[in-house]
Amino acid sequence: MGMEAVIKTNNLSKVYKRLFKPKTHALDSLTITVPKGSVYGFLGPNGAGKTTTIKILMDLIKASSGSATVLGRPSYDVEVKGLIGFLPDSPAFSPQLTAFEFLNICAKLLKIPSDLRVNRIETVLETVKMSRHSRDKIGSFSRGMLQRIGVAQAILNEPKLLILDEPLLGLDPYGRQEFKQIILGEQAKGTSVFFSSHILSDVEEICDHIAILDKGKMLCAGRIDELLTASGTKAIIAPENDEALKELVTIAIATSRRDDGSWVLTFDNSNEIKIKLEDATKKFPQAIEISASHEKLEEFFFRIIKGDGAV
Ligand SMILES: Nc1ncnc2c1ncn2[C@@H]1O[C@H](COP(=O)(O)OP(=O)(O)OP(=O)(O)O)[C@@H](O)[C@H]1O
Ligand SMILES: [Mg+2]
């Protein structure tokens with residue numbers, strides 16, 4: 001019963017033990033559920049345990065205790081590997097291969113039938129805007145270009161689930177925009193996406209769920225729209241409604257003018273303001289549109305971590 005999950009962890013813990021060095025409790029009883037069809041942002045400061053979790057999910061390292069399932073199977077089940085697209089945190093590519101040659105090797109490893117291979121490779125290169133560089137050597141690529149090849153490799157097999165460790169790292173604003181489009185495109189095709197990132201504005205734009213981790217412990221998880229609390233009231237004043245604007249601008253805590261000439265005013269949630277807003281909307285019903293204003297993910301993140309998030 002309940003929703004279908006593509007990733008489930010149950011009290012997952014990881015202690016790194018190294019000879020003559022103190023143990024590191026990298027992950028402490030992590031329990032999360034990633035619903036099918038979601039775009040899930042996995043957040044937390046450096047050293048929080050994100051990569052450790054992802055490595056356990058991909059069975060690259062073993063958990064010290066607890067368990068994880070991926071697409072309904074134990075994370076160590078090899079059968080499930082072909083259904084997952086994975087971008088590791090520091091992918092290593094052979095520099096002497098061209099982008100095409102590299103993806104062709106990946107396609108063979110993924111057992112994509114030979115008659116489909118070239119087509120698939122061209123499609124993913126197109127998706128990550130790297131078609132022009134298909135015959136260029138990977139050794140000549142910039143960091144952002146490598147990241148694009150990493151994403152191309154992850155979506156090559158039309159996976160049911162994408163697990164990406166900091167896919168936005170090294171991308172320029174165009175690259176980030178394109179990445180967001182790729183992810184939303186994958187979601188539209190029914191793919192679930194789980195990725196770690198430090199770029200909170202991008203996470204806020206495309207994720208429907210998040211979890212925040214700090215020092216190996218989960219601080220919160222859930223639907224982003226439920227986690228970000230309504231922090232005030234927002235009014236949009238249609239362009240050229242100076243009377244309405246004049247009436248409200250003096251009681252607003254923040255104002256901004258948008259390109260179309262409309263204004264966005266933010267108010268606190270006091271009763272006094274509520275009454276004034278009601279009066280104004282009655283007076284200028286065509287000009288004013290009221291809605292709840294939510295705190296930004298970045299504000300939420302700092303509030304949850306409380307500034308002591310560093311390693
Ligand atoms: N192989 C390892 N041996 C010992 N300690 C490790 C190892 N890998 C990670 N750690 C430690 O585990 C903790 C979690 O690291 P992890 O790489 O999972 O963090 P992260 O959330 O991915 O951070 P970042 O945002 O910097 O990528 C850190 O304290 C780190 O030093
Ligand atoms: Mg990491």
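Whatever order the structure lists ligands and atoms in, that order sets their numbers, starting from 1.
The heavy atom nearest to atom 28 (C) of ligand 1, considering only Pro45, Ser90, Gly47, Pro22, is found in Gly47. When the heavy atoms of Ala26, Gly44, Gly49 are ranked by distance to atom 19 (O) of ligand 1, first place goes to Gly49. Closest heavy-atom approach to atom 27 (O) of ligand 1 within the set Glu166, Lys23, Arg18, His25: this belongs to Glu166. The closest heavy-atom contact to atom 20 (P) of ligand 1, among the options Lys50, Lys215, Lys14, comes from Lys50. Considering only non-hydrogen atoms, atom 26 (O) of ligand 1 lies nearest to Asn46 out of Ile61, Asn46, Thr52, Thr51.
If you look at Thr24 next to ligand 1, the close heavy atoms, those under 4.0 Å, all belong to the side chain.
With salt bridges taken as basic N to acidic carboxylate O contacts below 4.0 Å, none links Lys137 and Glu101. A salt bridge is defined here as a Lys NZ or Arg NE, NH1 or NH2 lying under 4.0 Å from an Asp or Glu carboxylate O, and Lys276 with Glu247 fails to meet this definition. A salt bridge links Lys189 and Glu186; the closest N-O separation between the charged side-chain nitrogens and carboxylate oxygens is under 4.0 Å.
In this pair, Phe141 and His133 present their aromatic rings perpendicular. The plane angle is above 60°, beyond the 30 to 60° band.
Ile7 CD1 to Thr53 OG1: the interatomic distance, rounded to the nearest 0.5 Å, is 10.0 Å.
Those atoms of ligand 1 that come under 4.0 Å of a heavy atom in His198, given as number and element, are 25 (O).
Counting only N and O atoms by type, the side chains of Glu126 and Ser131 include a donor and acceptor under 3.5 Å apart.
Using a 4.0 Å cutoff on heavy atoms, Lys55 does not count as a contact of ligand 1. In this structure, Lys21 does not count as a contact residue of ligand 1, since none of its heavy atoms falls inside 4.0 Å of the ligand.
Note on Ser196: not counted as a metal contact of the Mg ion (ligand 2), no N/O/S atom lying under 2.8 Å.
For the pair Lys14 and Tyr16, the cation-pi test (distance below 6.0 Å, angle within 45°) is passed.
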